[in-house]
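Following: one structure in structure tokens, then a few remarks.
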Amino acid sequence: MTKIIAFYNNKGGVAKTTTATNIAGVLSLKNKKTLLIDGDPQGHVSLTFGIDADDLQASLGAFLNSNWTAKQAQEYFIHVNDHLDLIPSNQTLSDFIVKTSSENFEQRSTHLKKFISSIKDEYDYIIFDMAPAIDIMLENIVEVVDDLVVVATPEAYAVKNAEVTLKITDDRNIVVRNIVPTKVKQNTRLHKFLLDNLKEVADSHNIKMTKTFVPELVAFSEAISLYSLPLSLVQDKKYESTQKYYEQIVSELGLV
């Protein structure tokens with residue numbers, strides 16, 4: 001049965017894209033058929049794979065604007081490996097959001113559900129990287145997602161924003177089961193203190209915070225710059241110790 005997971009925070013710069021792409025990579029290496037969908041018009045998911053989405057005509061926004069089903073669009077998916085496909089996004093997704101803003105809620109919130117229904121059973125996992133926004137795409141994600149994962153950093157403003165993000169999800173009855181801490185500066189008292197604060201936020205909303213946290217390491221950006229891949233898909237032994245972070249998170253999230 002297909003599981004749909006979205007990575008979200010209404011604040012930018014918390015490594016949502018890094019988390020979504022690396023987890024999708026780990027799943028594909030475990031022979032899980034995975035569809036990675038960029039739900040952010042900035043197009044950072046495709047950039048992770050060395051593709052500038054602004055140069056593409058085939059994108060999530062274009063498909064939705066044309067009322068295509070995913071089955072119709074499937075031949076235009078970006079094929080990363082035998083178990084990972086990608087749907088990129090660009091400015092056309094913003095155009096779609098503007099175009100549908102005047103529709104009533106029941107109509108505008110079901111576009112994504114209709115889109116993916118035709119190919120849902122072909123994948124073990126569908127992973128969404130979401131924009132840091134409260135918009136029509138969030139409304140659409142709520143209609144399809146099985147689990148929304150909040151990605152947060154142990155910075156003073158980010159911890160406060162995690163509370164705001166969880167209030168947004170609570171108000172919209174969105175199921176959140178986990179917070180994943182990212183960009184953690186190891187062995188610093190401030191980040192240890194703020195990780196404890198982040199855990200208190202999670203506990204107050206009766207959700208889990210993963211025991212594994214993702215440290216702030218240059219390896220994640222280096223993989224994109226040198227290999228045009230998320231770190232989890234880079235075949236280089238020097239990265240093996242760093243790759244274990246997202247492998248452990250996949251395990252903690254119960255995905256394999």
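The basis for the numbers below is simple: all heavy atoms, side chains too, and nothing from hydrogens, waters or symmetry mates.
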More than 12 heavy atoms from other groups under 6.0 Å of CD on Gln235
no
Is there a donor-acceptor contact under 3.5 Å from the side chain of Asp129 to the main chain of Asp38?
no
Could you state the interatomic distance from OG1 (Thr182) to CD (Glu216), rounded to the nearest 0.5 Å?
9.0 Å
Check whether any side-chain heavy atom of Leu112 sits under 4.5 Å from a side-chain heavy atom of Met137, and report yes or no.
yes
Donor-acceptor check, side chain of Asn22 to backbone of Gly25, threshold 3.5 angstrom: yes or no?
no
Would Lys211 and Glu252 count as a salt bridge (charged side-chain N to carboxylate O under 4.0 Å, His left out) here? Give the steps.
CA-CA 8 Å; Lys211 294 178 182 178; Glu252 279 198 63; over 6 Å; no
From Ile37 CD1 over to Ile4 CD1, what is the distance, rounded to the nearest 0.5 angstrom?
8.0 Å
Take Asn178 and Thr210, measure what side-chain hydrogen bond (donor to acceptor under 3.5 Å, both in side chains) needs, and give me the verdict at the end.
CA-CA 7 Å; Asn178 291 277; Thr210 57; over 6 Å; no
Test item: Leu229 and Phe49 side chains (from C-beta on) under 4.5 Å apart, heavy atoms:
yes
Determine yes or no for a side-chain-to-main-chain donor-acceptor pair under 3.5 angstrom, with Thr169 supplying the side chain and Leu166 the backbone.
yes
Thr2 side chain vs Tyr123 backbone, donor-acceptor pair below 3.5 Å
yes
Could you give the distance from OG1 (Thr21) to CZ (Phe7), rounded to the nearest 0.5 Å?
9.5 Å
Candidate pair Gln72 and Ser118, rule side-chain contact (heavy atoms from CB on, under 4.5 Å), full reasoning
CA-CA 9 Å; Gln72 290 173 295; Ser118 60; over 6 Å; no
Same cluster or not: are Val214 and Ile207 linked, directly or through other Ile, Leu, Val, Met, Phe, Trp or Tyr residues, by side-chain heavy atoms under 4.5 angstrom apart?
no
In this structure, OG1 of Thr212 is separated from NZ of Lys244 (nearest 0.5 Å) by 12.0 Å
Is Leu36 linked to Val149 within one hydrophobic cluster, defined over Ile, Leu, Val, Met, Phe, Trp and Tyr using a side-chain heavy-atom separation of less than 4.5 Å?
yes
Nearest 0.5 Å please: distance from the CD atom of Glu103 over to the CD1 atom of Ile136.
7.5 Å
Closer than 3.5 angstrom, by distance alone: can the side chain of Thr48 be matched with the main-chain N or O of His44 as a donor-acceptor pair?
yes
For the student: nearest non-hydrogen atoms of Gly12 and Pro132, plus distance:
N-CB, 3.6 Å
Would you compute the distance between atom NZ of Lys185 and atom CG of Leu194 and round it to the nearest 0.5 angstrom?
10.5 Å
Closest heavy-atom pair and its distance - Leu27, Ile127:
CD1-CD1, 4.1 Å
I need the minimum non-hydrogen distance between Lys167 and His205, along with the two atoms involved.
N-CE1, 4.4 Å
Tell me which one of Asp85, Asn81, Thr34 satisfies side-chain hydrogen bond (donor to acceptor under 3.5 Å, both in side chains) with Ser28.
Asn81
Are Ile87 and Phe115 close enough that some pair of their side-chain heavy atoms sits under 4.5 Å apart?
yes
Least distance between heavy atoms, Glu143 atom then Ser109 atom
CG-O, 3.1 Å
Within a radius of less than 6.0 Å around NZ of Lys120, do more than 12 heavy atoms belonging to other residues, nucleotides or ligands occur?
no
Just wondering, do Asp203 and Glu200 contact through their side chains at under 4.5 Å, heavy atoms?
no
Give a yes or no on this: more than 12 heavy atoms of other residues, nucleotides or ligands lie within 6.0 Å of atom NZ of Lys11.
yes
Looking at side-chain heavy atoms only, is the closest gap between Glu155 and Asn161 below 4.5 Å?
no
Can you find a pair of side-chain heavy atoms, one from Leu217 and one from Tyr245, that are under 4.5 Å apart?
yes
Donor-acceptor pair, side chain of Asn9 and main chain of Val151, under 3.5 angstrom
yes
Membership question, hydrophobic clusters at under 4.5 Å side-chain separation (ILVMFWY): are Leu148 and Leu255 in the same one?
no
For the residue pair Met209 and Leu195, what are the closest heavy atoms and their distance?
CE-O, 3.7 Å
Student check: side-chain heavy atoms of Ser94 and Gln91 closer than 4.5 Å:
yes
For Lys113, does its backbone N or O pair with a side-chain atom of Asn140 as donor and acceptor, under 3.5 Å?
no
Angle between ring planes, Phe63 versus Tyr76, binned at 30° and 60°: parallel, tilted or perpendicular?
tilted
Is there a side-chain contact (heavy atoms from CB on, under 4.5 Å) between Phe128 and Val145? Walk through the geometry before answering.
CA-CA 9 Å; Phe128 282 94; Val145 73; 5.9 Å; no
Test log, rule salt bridge (charged side-chain N to carboxylate O under 4.0 Å, His left out), inputs Lys3 and Asp146
CA-CA 6 Å; Lys3 186 167 186 178; Asp146 296 307; over 6 Å; no
Trace of the side-chain contact (heavy atoms from CB on, under 4.5 Å) decision for Thr100 with Leu64:
CA-CA 10 Å; Thr100 56; Leu64 293 174; over 6 Å; no
side-chain contact (heavy atoms from CB on, under 4.5 Å) for Leu233 and Val80? Distances and angles first, verdict last.
CA-CA 10 Å; Leu233 290 178; Val80 178; 4.1 Å; yes
Got a sec, which residues hit ring-ring contact (aromatic ring centres under 6.0 Å, His included) with Phe220, two or more places apart in sequence or on another chain?
Tyr246
Pair Glu122, Lys71 - check salt bridge (charged side-chain N to carboxylate O under 4.0 Å, His left out), show working.
CA-CA 10 Å; Glu122 297 182 26; Lys71 193 68 177 179; 2.5 Å; yes
Any side-chain heavy-atom pair of Ile23 and Leu253 under 4.5 Å:
yes
Using the rule that Ile, Leu, Val, Met, Phe, Trp and Tyr join whenever any side-chain heavy atoms are under 4.5 Å apart, tell me whether Val144 and Ile168 fall into a single cluster.
yes
Mark yes or no for whether Asn65, through its side chain, and Thr92, through its backbone, hold a donor-acceptor pair below 3.5 Å.
yes
Do Val250 and Val150 sit in the same hydrophobic cluster, where Ile, Leu, Val, Met, Phe, Trp and Tyr count as joined when their side-chain heavy atoms come under 4.5 Å apart?
no
Determine whether a donor-acceptor pair (N or O, by modelled atom type, separation under 3.5 Å) exists between the side chain of Gln243 and the backbone of Leu231.
yes
In terms of heavy-atom contacts, Leu60 and Ser89 come closest through CB-OG, 3.4 Å
